[in-house]
Amino acid sequence: MTETADPRERLLAEVAALPSMPGVYRYFDAAGNVLYVGKARNLKKRVASYFQKDHGGTRIGTMVGRIARLETTVVRSEAEALLLENNLIKTLNPRFNILFRDDKSYPYLKISGTRTGDAAASAAARFPRVSYYRGAVDRRHRYFGPYPNAWAVKQTIQLVQKVFRLRTCEDTVYAHRTRPCLLYQIQRCTAPCVGFVSAEDYARDVFDAERFLLGDADAVVHDLQAKMMAWAEALEFEKAAELRNRITALSKVLHQQVMDESSLSASDRDVDVLAVKVAGGRACVNLAMVRGGRHLGDRAYFPAHVDEGVAFDTDDADDPGADGEAAAAPSRRNPEVQVLEAFLAQHYAGQPVPPLLVTSHAVDEALVVALAETAKTRVRAVHQPREQRRIWLEMAVKGAELALARLLSEEGSQRERTRALAEALDLAIDDLDALHIECFDISHTAGEATQASCVVYHHHAMQGAEYRRFNIDGITPGDDYAAMRQVLTRRYARLAEAVAAGTASGKHRLPDLVLVDGGRGQVSMAREVFEELGLDLSLIVGVEKGEGRKVGLEELVFADGRPKIYLGHDSAALMLVAQIRDEAHRFAITGMRAKRAKVRTGGSALEDIPGVGPRKRARLLQRFGGVRGVGSASVDDLASVDGISRALAEEIYRALH
């Protein structure tokens, strides 16, 4: 078959050859960037629908005009298409899809160790420990959650300590206790480490704690009351009073939950409540978690590409021929519904799905069925709940409204700061959203472990993924000017070559403004570097400390000869400059401290382990007091550190032994 010369004709020929089967399609532009990822029951009809009519100057028309090629993958079912589509969306970050960023895994409450009474188990394992946990699960332990945030887990752990008095100490600490700790003195632990509680009694406390966490609180209270009466009849009034205090604490917590458990069936005690709000081109999905009948808290999510994704999905829904079916119901064109369905599809890919979803808007039943098939469990979705579930939904809706209002307010303020800085410096910027600023700072301790930081600001926000650190070598220790020369040269030498060749574009272009933390000395050094590289000197601005080095009195120093200016302590432009400068300072200091710690403690032993980055190394070294302490820790101890999964803990243990 002769290849068609016209790329558009070749593309249409590919569309005509598509099979009438379920699958996932991807659109790419001429540069190879992913524009859109979608799924279809019938690939041929869905993909063809984009090219069979004139979309005019709409967002979808702009996107269709940029399509240079497409890729498709045929699957066996809608569930497979759903899973593949959202994996690709999260991996490829397409421009015209509503995108929810991957968050860290949810935290859990973990009860570790074997069941009490196992004679073969270690002393610590026979008395299970309650702890905060995040990472891959291990079948040898029990996990409760997930919780929306770390605070909710820690609050629950405090409750378990207060009512059931389970230990929270690490196994290494437990194994070396010779007398009870402070938690025993304040009645937050029964001190199994020194034998103050029998294995049988501790096992009952663990069993009661597990029942409470699973939502069977009434049965726990009933059993505690029976035990209290038995102790009272046996004239053991101190033990009866202790149980009375525990019952009182538990009842107070249950009262604070303010819920009517009579309205909840056994299958409805694990619920995710989802409320969505769209306004001002932004959206918020507020997820409230209920586990065991207890409202654990909520978390707000803010997707990217809302305007583009909503416009694109609306066109799909309005197209009666997209899947060879009738036009979708009006609610399917609702932006809130589109955002909520995007969240459901992306969030629950790889996350456990509770049996009941309470939503603020009706969602496509096919989506719920696909989620259930993917999770291999029964899932229901309700959007007009009653009784307690209605109260939870109203709370979630209010939370979404407040979170979105706060975001819009913050973004509005940040946008005004960007505008104020552009006006104050007379920057010729057509699109304020694209104003690109880079800021540099040098950090060291008496010349030791010198590091330079480069932080990036554009689209009215700090862009953490684009930050860079530079190890500074080959200079006189403490020479900040030489360090600044080195970092600026390393950062901009290649860009200068691209500018000279006329190939600088997109992400690989010079910033609109280069801030350096320092006065005339640092600015002079930056000027020398830019002159050598043939770059525009007007890009360089130094942030000089004001009189007495007081915050708010900073002055801006220019490399191109303009007189320095003072913007005013209440200037929105100065607030933005200070925000960016402070972030560069913070990023430089954290890098310098990590480098210094590695030099002083031999942290390279950890640095060589795949998956252990600077933050995880810092947490490990802080928890165990150095590399030697990390090396002597068990796998369970390593896995208890925030961010260290069981698999990674085993890898660390193998690497250090």
Restricting to side chain to side chain donor-acceptor pair (under 3.5 Å), what partner residues turn up for [X], sequence neighbours left out?
| X | value |
| --- | --- |
| Tyr143 | none |
| Thr156 | none |
| Tyr184 | none |
| Arg179 | none |

Tyr108: partners by ring-ring contact (aromatic ring centres under 6.0 Å, His included), with sequence neighbours left out: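 Partners of Tyr108 by the ring-ring contact (aromatic ring centres under 6.0 Å, His included) criterion come out as none, since no residue qualifies.
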For Tyr467, ring-ring contact (aromatic ring centres under 6.0 Å, His included) partners two or more places apart: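 In terms of ring-ring contact (aromatic ring centres under 6.0 Å, His included), with neighbours along the sequence ignored, Tyr467 is linked to Phe587.
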List for me each residue that meets salt bridge (Lys or Arg N to Asp or Glu O under 4.0 Å) alongside [X], sequence neighbours excluded, and say none if there are none.
| X | value |
| --- | --- |
| Arg586 | Glu583 |
| Asp298 | none |
| Glu410 | none |
| Asp637 | none |

Glu394/Lys398 salt bridge by N-O under 4.0 Å criterion: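 Glu394 and Lys398: not salt-bridged.
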Residue pairs involving residues 282-291 (criterion salt bridge (charged side-chain N to carboxylate O under 4.0 Å, His left out); sequence neighbours excluded):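 Passing the test, one end in residues 282-291: Asp272-Arg291, Arg282-Glu411.
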Qualifying residues under side chain to side chain contact (heavy atoms under 4.5 Å, CB included), relative to Ala461, sequence neighbours excluded: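 If we apply the side chain to side chain contact (heavy atoms under 4.5 Å, CB included) test to Ala461, skipping adjacent residues, the hits are Gln463.
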